[in-house]
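Everything below concerns the one structure shown next.
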Amino acid sequence: MTHPEPPLAGDETATLLGSLERQRATFAWKCGGLDADGLSATVGVSSVTLGGLLKHLALVEDETFARKLLGQDPGPPWDAVDWAADPDWEWHSAADDSPGQLMALWQDAVARSRSVVSEALAGGGLGQLGRFTGSRGESPSLRRILIDLIEEYARHVGHADLIRESVDGLTGEDPPD
């Protein structure tokens, strides 16, 4: 299977979506094939784990498109969390989930995101504004929402690189062909 790549000379939509899919695929590769111990490993004094990253990015996927684009609250499991009691719940609770549960949670969130983005693109393109309004009364465009998600993934893929290398020595940008 070939690792996704954004097109070298594609249009803006294909380039943004290709870049996001590349980040998602790299992240999945860095988290793939590990047991609970591997997903719970940390580096140095950091408490960040691959399991925590899986759960965090599942939340980010759901919040990004439910809240920012559609103006809705994310659904389960996020809607049942007491965020005031534990604002970092996704990080803390990941240790209680199996590798299969964590990967499925993230994959399901990605699938929902792909569906929402596909519908949004068909109905208005990258320039359409999300239904979220910030403190200054501004709403982000779908273009900006995608850029922000790509940046979030790029940052966390860097974390995943370091953690995965510490677990079993796996390094690189792309899985071997």
Side-chain angles (χ1 to χ4, degrees), residues 1-32 39 50-84 86-91 93-94 97-160:
M1 183 170 139
T2 303
H3 199 67
E5 286 285 337
L8 290 175
D11 66 17
E12 183 180 17
T13 300
T15 301
L16 287 171
L17 294 179
S19 181
L20 179 56
E21 290 303 329
R22 177 179 169 73
Q23 294 296 322
R24 285 172 172 158
T26 302
F27 179 70
W29 174 53
K30 295 295 178 169
C31 294
L39 289 179
L50 292 172
L53 283 168
L54 278 164
K55 201 161 191 176
H56 172 70
L57 284 170
L59 172 62
V60 168
E61 289 272 359
D62 281 336
E63 278 197 334
T64 294
F65 296 110
R67 192 174 316 277
K68 291 181 181 177
L69 186 62
L70 302 177
Q72 303 170 354
D73 289 331
W78 322 116
D79 58 350
V81 175
D82 182 353
W83 293 105
D86 187 357
D88 292 325
W89 176 83
E90 77 275 23
W91 296 100
S93 65
D97 298 326
S98 72
Q101 289 171 314
L102 291 167
M103 190 60 79
L105 181 69
W106 176 72
Q107 289 171 336
D108 290 348
V110 168
R112 283 188 295 277
S113 294
R114 286 180 180 135
S115 177
V116 167
V117 169
S118 179
E119 287 180 38
L121 287 170
L126 291 171
Q128 69 184 286
L129 297 180
R131 294 192 182 127
F132 172 82
T133 303
S135 60
R136 292 189 239 164
E138 299 172 326
S139 298
S141 68
L142 177 55
R143 177 182 296 103
R144 175 59 188 265
I145 291 169
L146 289 169
I147 291 286
D148 287 351
L149 188 57
I150 292 165
E151 288 177 352
E152 181 82 4
Y153 266 99
R155 188 169 68 105
H156 289 315
V157 166
H159 297 135

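Because the structure is predicted, anything quoted here is derived from the model rather than measured.
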Are the side chain of [X] and the backbone N or O of [Y] linked by a donor-acceptor pair below 3.5 Å?
X    : Y    : value
T26  : R22  : yes
Q23  : V157 : no
W106 : E61  : no

Can you name the closest pair of heavy atoms from [X] and [Y] and give their distance?
X    : Y    : value
L39  : C31  : CD2-O, 3.9 Å
S141 : L126 : CB-O, 3.7 Å
A58  : A109 : O-CB, 3.5 Å
R143 : G127 : NH1-CA, 3.9 Å
P87  : A84  : CD-O, 4.1 Å
L16  : I150 : O-CD1, 3.5 Å

Y153-E21 side chain donor-acceptor pair, cut-off 3.5 Å: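 No pair is found: no donor N or O on one side chain lies under 3.5 Å from an acceptor on the other.
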Do [X] and [Y] have side chains that approach each other closer than 4.5 Å (heavy atoms only, starting at C-beta)?
X    : Y    : answer
F132 : L70  : no
F27  : L54  : yes
E152 : H56  : yes
S115 : E119 : yes
L149 : L20  : yes
D79  : P74  : no

[atom1]-[atom2] distance between [X] and [Y], expressed to the nearest 0.5 angstrom:
X    : Y    : atom1 : atom2 : answer
L102 : Q107 : CG    : CD    : 11.0 Å
L146 : F65  : CG    : CZ    : 5.0 Å
T64  : D62  : OG1   : CG    : 9.0 Å

Is it true that E63 and K68 have a side-chain N and a carboxylate O under 4.0 angstrom from each other?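 No salt bridge links E63 with K68.
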NZ/NE/NH1/NH2 to OD/OE distance under 4.0 Å, R144 and E138: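 No salt bridge links R144 with E138.
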